[in-house]
Amino acid sequence: MIHPDTYVKPTSKGLGLFASRRFETGTILWILDDIDVKIDLAHYQALDSFQQQKLKVYGYLDYQNRVIIAWDEGKYVNHSCDPNSIGVIGFDNISIALRPIEPDEEIVEDYYSYYGHFESFKCGCGAPNCRGYITQQNSYQAGLRLHVNDIRAMVLGQPQELLQVQSSENDTFFAILHQTDTILHE
């Protein structure tokens, strides 16, 4: 589920997701819920090319080899080589604000932080560190994600509307998020 304080509008890339208010670093912007579509990779590969192409645009591959498609506006998060939103290592079910995001700023993620994505394209993000071309092959870079230990204080230190989203897929993340540092470092 995408944060309710977001909206979609046209961009040079098609449609994009934007903040309707300021988001502080550590704000949960998207969390997997039971309505999001989860398609086993083998089932996806058995689909005809037209269906696959539609899913490629809005889906990503998670570490369980499932194609995930957000049912809501979360599917409109575009790529940037200088993202303001990012995932957490070991969890393909959450995205958080990497830095403060201002009202009317586009929410963008680095597709190389996804376990797998399906598009290859010329990048026009304009970031000083722009890669120029984004490829789907061997693109996952775990170092682009944050570790739950590094975000715990930020996430728990502010109101989080999306922590109310109940899904069995989020139980492990919630349990780890609420553990103490002592438990995690044993």
Side-chain angles (χ1 to χ4, degrees), residues 1-21 23 27-88 91-98 101-125 127 134-137 139-141 144-146 160-170 173:
M1 170 174 253
I2 196 66
H3 197 287
D5 293 329
T6 58
Y7 65 95
V8 175
K9 76 175 189 179
T11 71
S12 61
K13 301 168 253 181
L15 295 174
L17 184 71
F18 290 79
S20 58
R21 68 162 175 89
F23 290 115
T27 301
I28 298 172
L29 299 172
W30 178 82
I31 193 163
L32 187 75
D33 65 27
D34 290 334
I35 303 172
D36 290 314
V37 178
K38 303 154 194 93
I39 302 170
D40 183 73
L41 183 59
H43 181 91
Y44 165 80
Q45 291 171 330
L47 296 172
D48 66 57
S49 61
F50 179 75
Q51 290 174 311
Q52 284 184 7
Q53 184 57 38
K54 288 294 182 186
L55 296 175
K56 284 179 184 181
V57 174
Y58 297 112
Y60 68 92
L61 187 67
D62 75 358
Y63 66 93
Q64 297 178 51
N65 282 319
R66 300 177 305 177
V67 178
I68 306 295
I69 301 100
W71 66 270
D72 58 11
E73 293 85 355
K75 65 181 164 252
Y76 298 116
V77 172
N78 287 316
H79 167 81
S80 175
C81 296
D82 186 22
N84 56 18
S85 176
I86 196 147
V88 179
F91 297 94
D92 287 319
N93 59 340
I94 190 163
S95 291
I96 67 163
L98 182 59
I101 300 172
E102 299 301 328
D104 302 317
E105 182 178 350
E106 186 175 8
I107 297 170
V108 290
E109 295 193 352
D110 189 331
Y111 286 4
Y112 280 12
S113 70
Y114 293 1
Y115 183 72
H117 68 95
F118 298 106
E119 295 182 286
S120 293
F121 55 90
K122 183 177 181 190
C123 184
C125 72
I134 303 305
T135 179
Q136 68 183 29
Q137 303 299 337
S139 63
Y140 176 59
Q141 295 178 16
L144 295 173
R145 289 187 176 204
L146 299 175
Q160 295 286 359
E161 292 181 57
L162 296 183
L163 279 181
Q164 300 172 38
V165 176
Q166 297 298 311
S167 168
S168 60
E169 300 221 19
N170 298 326
F173 176 77

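Residue indices begin at 1 and follow the sequence shown.
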| task | Identify the heavy atoms of H3 and I28 that sit nearest to each other, and give their distance. | result | CD2-O, 3.4 Å
| message | So, using salt bridge (Lys or Arg N to Asp or Glu O under 4.0 Å) as the criterion, who are the partners of D33 when residues are at least two apart? | response | none
| query | Do T27 side-chain atoms and L29 backbone N/O form a donor-acceptor pair below 3.5 Å? | reply | no
| remark: To the nearest 0.5 Å, atom CD1 of I96 lies from atom CD of E109 at 10.0 Å
| said: Under the side-chain hydrogen bond (donor to acceptor under 3.5 Å, both in side chains) definition, can you give me all pairs with a residue in residues 37-56, not counting sequence neighbours? | reply: none
| field | All pairs passing salt bridge (charged side-chain N to carboxylate O under 4.0 Å, His left out) where residues 1-10 contributes a residue, at least two apart | value | D5-R21
| query | Going by the angle between their ring planes, with limits at 30° and 60°, are H79 and Y112 parallel, tilted or perpendicular? | reply | tilted
| note | By side chain to side chain contact (heavy atoms under 4.5 Å, CB included), S120 pairs with (sequence neighbours left out) Y133, T135, Q136
| side chain to side chain donor-acceptor pair (under 3.5 Å) partners of D72, counting only residues at least two apart | none
| Nearest-0.5 Å distance that lies between atom CZ in F173 and atom CD1 in I94 | 3.5 Å
| message | If you apply the rule side-chain contact (heavy atoms from CB on, under 4.5 Å), what do you find for D104 with Y7, and how did you get there? | response | CA-CA 9 Å; D104 302 317; Y7 65 95; 2.7 Å; yes
| task | Could you please spell out the steps behind the side-chain contact (heavy atoms from CB on, under 4.5 Å) verdict for E106 and L17? | result | CA-CA 6 Å; E106 186 175 8; L17 184 71; 5.8 Å; no
| From N78 CG over to T11 OG1, what is the distance, rounded to the nearest 0.5 angstrom? | 5.0 Å
| Is the shortest heavy-atom distance from the side chain of F91 to the side chain of N170 under 4.5 Å? | no
| remark: All heavy atoms of V108 vs all of N84, minimum pair found to be N-OD1, 2.9 Å
| message | Once ring pair (Phe, Tyr, Trp, His ring centres under 6.0 Å) is applied, do any residues pair with Y60, and if so which ones, sequence neighbours excluded? | response | Y114
| Under 4.5 Å between any side-chain heavy atoms of I134 and E119, yes or no? | no
| said: Under the rule for salt bridge (Lys or Arg N to Asp or Glu O under 4.0 Å), what residues qualify as partners of E105, not counting sequence neighbours? | reply: R99
| note | Between E169 and L32 the two heavy atoms that sit nearest each other are OE1-CD2, 3.3 Å
| OH on Y58 to CG on L15, rounded to 0.5 Å | 6.0 Å
| message | With side-chain contact (heavy atoms from CB on, under 4.5 Å) as the criterion, how do L146 and L98 come out once you've worked through the C-alpha distance, each side chain's angles and the decisive distance to 0.1 Å? | response | CA-CA 9 Å; L146 299 175; L98 182 59; 3.9 Å; yes
| request: Specify the closest pair of heavy atoms between D82 and A127, including all atoms of both residues, with the distance to one decimal. | output: CB-CB, 3.6 Å
| task | Under the side chain to side chain donor-acceptor pair (under 3.5 Å) rule, collect the residues that match up with D36, sequence neighbours excluded. | result | none
| field | Residues in side chain to side chain donor-acceptor pair (under 3.5 Å) contact with H117, at least two apart in sequence or another chain | value | S139
| Closest approach of P4 and E161, non-hydrogen atoms and distance? | CG-OE1, 3.3 Å
| Nearest non-hydrogen partners of C81 and C125, listed with the distance | N-SG, 3.5 Å
| request: Supply the atom-to-atom distance Q164 CD to I31 CD1, rounded to the nearest 0.5 angstrom. | output: 11.0 Å
| query | Residues two or more places apart in sequence or in another chain: which of them pass ring pair (Phe, Tyr, Trp, His ring centres under 6.0 Å) with Y63? | reply | none
| Side chains of I39 and I69 in contact at under 4.5 Å (non-hydrogen atoms) | yes
| task | Quick one: list whatever passes side chain to side chain donor-acceptor pair (under 3.5 Å) with E73, sequence neighbours left out. | result | none
| Contacts of R145 that satisfy salt bridge (Lys or Arg N to Asp or Glu O under 4.0 Å) - sequence neighbours left out | D92
| request: Given side-chain contact (heavy atoms from CB on, under 4.5 Å), test W30 with I107 step by step and report yes or no. | output: CA-CA 11 Å; W30 178 82; I107 297 170; over 6 Å; no
